[in-house]
2 protein chains.
Amino acid sequence: MFSKACEYGIKATIYIAVKSMRQERVSLKEIAEEVDSPVAFTAKILQSLAKNGIIDSHKGPTGGFQIEESKIDTIKLHDIVHAIDGDKIFSGCGLGLEQCDARQPCPVHDKFVGIRDNLKIMLQNTSLYELATGLEIGLTHLKR
Amino acid sequence: MFSKACEYGIKATIYIAVKSMRQERVSLKEIAEEVDSPVAFTAKILQSLAKNGIIDSHKGPTGGFQIEESKIDTIKLHDIVHAIDGDKIFSGCGLGLEQCDARQPCPVHDKFVGIRDNLKIMLQNTSLYELATGLEIGLTHLKR
DNA sequence: ATTATTTAGGATAAATTTGTCCGAAATAAG
DNA sequence: CTTATTTCGGACAAATTTATCCTAAATAAT
């Protein structure tokens, strides 16, 4: 469903959010450990999240990543996925046709659009705040 | 959403079904042309569809692929996808965790399960017959 | 200023998916 | 039986995704 990059990106962002709610900055190393993801690859993903304005990064000692607290309930799962995978998940024909729309649909067009709309709505409706809170109160987990 | 292999496989199966409803066998070459897919790669996919009992194959002159007519409305999109991609689309955690279920869920578990159930139900409910008929009466198309 | 620490970013490598090539096996027809 | 045609299946190649490595740049602290 999601790419590995996206999986790592989502987990990392949730972890950063939890720490940011406590006014703490976290290092790449800590994130990768807590989220069980390859360090260097995670670095790339965090880079693109930073470029897309989802997270903030700071170099040097005491540096690391954090998220503006006011943003945490504004940011949606959709924004994270979009920052990493672009909109290729949300657009394009289910069978890979170049020309496929309601007028000239592929055989699975309608059914596919239905599923994808569900996905999009879900992603747009779930906030980072909600995900981070669930983790903090021990309702959910990020490792294993 | 689907792998390329799956996209080609679905298109090919629908095309074979249309021809089979007219008691015609089709060659790999014709399928690849009509479905706009790479010939040799399509051959591999058809092989695995044949091994999984979705389609029948015959070697030699006048050979080719076909589908038992009685099967056409029994076969569901789900069967095609499963024959090609296995059940990796239907199982596993949305964030790649090894241990993730209702008791120890990842942060997106519930939402993810919801979407995936939709997908599964859709795939189990749409028959090859329905897809082939739509194509035959010109309601849908497979190229471009 | 110097040093230690941390992210940025480019180059490279490994793994997976996608795609090609070609000889072998089956089989229909002359 | 021979030949032409078609799928089978293994080896190989290209492209993409995943992952690593290393140097540079920034920056906090001494």
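What you see is a predicted model; the values in this text were computed from it and never measured. Sequence lines set the chain letters: A, B, ... in the order given, protein chains first and strands last, and positions in each chain run from 1.
Candidate nucleotides C:dT7, D:dC8, C:dT20 were compared by shortest atom distance to the side chain of B:Pro38, and C:dT20 ranks first. Residue B:Ala40 has its side chain nearest to C:dC21 when only D:dA19, D:dC8, C:dC21 are considered. The side chain of A:Lys59 sits closest to D:dA26 out of C:dT18, D:dA26, C:dT5. Minimum atom distance to the side chain of A:Lys4 is reached by D:dT18, of the listed D:dT18, D:dC8, C:dT18. Checked against C:dG19, C:dA4, C:dT18, the side chain of A:Pro61 finds its nearest nucleotide in C:dA4.
Computed from coordinates, the B:Glu24 CD to D:dT6 P distance equals 15 Å when rounded to whole Å. Between A:Arg25 atom CZ and C:dT7 atom P there is a gap of 10 Å when expressed in whole angstrom units. The CG atom of A:Leu28 sits 11 Å away from the C1' atom of C:dA8 (whole-angstrom rounding). As a whole-Å value, the separation of B:Phe41 CZ from D:dA15 P is 15 Å. Rounded to whole Å, atom P of D:dA25 lies 15 Å from atom CD of A:Gln47. Put simply, NZ on A:Lys44 is 12 Å from C1' on D:dT18, counting in whole angstrom units. As rounded to whole Å, 11 Å separates atom P of D:dT20 from atom CD1 of A:Ile45. Going from atom NZ of A:Lys51 over to atom C1' of C:dA8 covers 8 Å, rounded to whole Å.
Take the nearest nucleotide of DNA chain D for A:His58 and for B:Thr62: the residue whose nucleotide is more 5' is B:Thr62. Heavy-atom nearest nucleotides on DNA chain D were determined for B:Ser27 and for A:Asp85, and the one closer to the 5' end corresponds to B:Ser27.
Heavy atoms from other residues, nucleotides or ligands lying under 6.0 Å from CZ of A:Arg144 number 12 at most. Annotation for A:Lys29: atom NZ does not count as buried by contact number, only 12 or fewer foreign heavy atoms lying within 6.0 Å.
Counting non-hydrogen atoms under 4.0 angstrom, B:Lys29 reaches nothing in the nucleic acid.
When atom types are taken as modelled, the side chain of B:Thr140 and the backbone of B:Leu135 share a donor-acceptor pair closer than 3.5 angstrom.
Dashed line: the shortest gap from a side-chain N or O of B:Tyr8 to OP1 or OP2 of C:dT18 is not under 4.0 Å. For C:dT17, one of the phosphate oxygens OP1 or OP2 lies less than 4.0 angstrom from a side-chain nitrogen or oxygen of B:Lys88.
The aromatic rings of B:Phe90 and B:His82 lie parallel to each other, their planes meeting at an angle below 30°, with 60° marking the opposite boundary.
By the 4.5 Å heavy-atom criterion applied to side chains, A:Leu97 and B:His141 are counted as neighbours.
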